[in-house]
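Counting begins at 1 with the first residue of the sequence. Atoms within each ligand, like the ligands themselves, are counted from 1 in listed order.
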Amino acid sequence: MLKVERVTKVYGEQEASYLALEDIAIDIADGEFLCLLGPSGCGKTTLLNILAGFESVTRGRVTLDGRDIRGPGQDRVMFFQDAGSALFPWLTVEENVVFGLKLRGTPVRERGAIIDRYLAMVELDTHRGKFPTQLSGGMRQRLQIARALAIEPQILLMDEPFAALDALTRRRMHSFLVDIWQQTQKTIVFVTHDISESILLADRIAIMGVGPGSRFEDVIRVDLPRPRDPGDPAFGEIYRRIERQLALEESKLGDGV
Ligand SMILES: Nc1ncnc2c1ncn2[C@@H]1O[C@H](COP(=O)(O)OP(=O)(O)OP(=O)(O)O)[C@@H](O)[C@H]1O
Ligand SMILES: [Mg+2]
């Protein structure tokens with residue numbers, strides 16, 4: 001279990017300081033798919049960076065299976081919106097995945113089977129010899145997923161990973177990700193601006209309020225069976241509940257709060 005206990009994050013010092021998060025708390029179960037939603041600047045990336053171990057907390061605690069998170073680790077992997085910046089352009093598709101295995105210290109004789117498994121999972125097995133620049137945006141994101149999975153982390157941290165993709169590719173990536181998540185049973189924390197995306201994907205959606213001192217304003221469990229249908233009235237009901245909450249947060253921004 002990934003446990004966030006009363007986490008407060010202050011950036012900078014004294015007059016120049018900014019209270020980004022205040023008393024954030026949530027328990028994320030093993031294998032859970034959690035989406036984080038909230039207005040721009042509310043602290044979604046900050047929270048993800050704390051979970052990744054890239055940022056420290058000012059107060060509070062973050063633990064994974066009871067152990068404090070004090071820095072990055074191979075049990076967690078961060079995904080970026082722009083796969084281009086995460087992949088190595090001078091390495092082929094296959095070599096990009098090998099890189100993760102080298103990091104993990106996987107013996108050479110075991111690497112082949114792992115590479116085959118994850119490249120097949122993201123349907124890139126016929127593109128092994130290509131370089132990242134020779135792939136489409138969706139293929140690059142799939143490669144980023146394969147490379148991350150090859151390290152066999154417990155947790156995937158994804159910061160608006162599909163935001164730059166066109167609508168059709170994004171839809172395909174959603175079904176890919178849900179398939180892979182169901183096959184591998186990873187815990188996923190996924191940041192998005194897109195209400196529909198969060199309802200399509202998540203077990204729970206945590207909505208953050210505007211800062212300073214952002215916290216969770218609402219946490220919604222989505223019990224709809226997968227694959228989910230945006231035309232389902234129950235989908236629409238959750239959509240409107242989230243929309244109302246976000247509108248409320250945006251109005252606070254407008255008041256200069
Ligand atoms: N390194 C930093 N130093 C000082 N302030 C920071 C730093 N990083 C973020 N902030 C501030 O903390 C707040 C939260 O930023 P964060 O990037 O986490 O928001 P976000 O919810 O991810 O926004 P977006 O949706 O636009 O990506 C913002 O007000 C931002 O200006
Ligand atoms: Mg962000």
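Within 6.0 Å of CZ in R6 there are 12 or fewer heavy atoms belonging to other residues, nucleotides or ligands.
Every atom of ligand 1 is numbered from 1 in the order shown, and the set under 4.0 Å from a heavy atom of T45 is 17 (O), 18 (O), 20 (P), 22 (O), 27 (O). Interface of H193 with ligand 1, defined as ligand atoms under 4.0 Å from a residue heavy atom, comprises 25 (O). Atoms of ligand 1 lying under 4.0 Å from at least one heavy atom of T46, given by number and element, are 14 (C), 15 (O), 16 (P), 18 (O). Ligand-side atoms of ligand 1 in range of Y18: 12 (O), 13 (C), 29 (O), range being under 4.0 angstrom from any heavy atom.
At a cut-off of 2.8 Å, S40 does not coordinate the Mg ion (ligand 2) through any N, O or S atom.
A side chain to side chain contact (heavy atoms under 4.5 Å, CB included) with L34 is found for exactly one of V191, I188, L201, I26, namely I26.
Distance check on atom 30 (C) of ligand 1: every protein heavy atom falls at or beyond the 4.0 Å cut-off.
Side chains of L21 and T58 form no contact here, defined as non-hydrogen atoms less than 4.5 Å apart. Here the side chains of H127 and L124 are in contact, with some heavy-atom distance below 4.5 Å.
Remark: ligand 1 and G43 share an N or O pair separated by less than 3.5 Å (distance only, no angle test).
Residue contacts with ligand 1 do not include G12, since none of its heavy atoms lies under 4.0 Å from the ligand.
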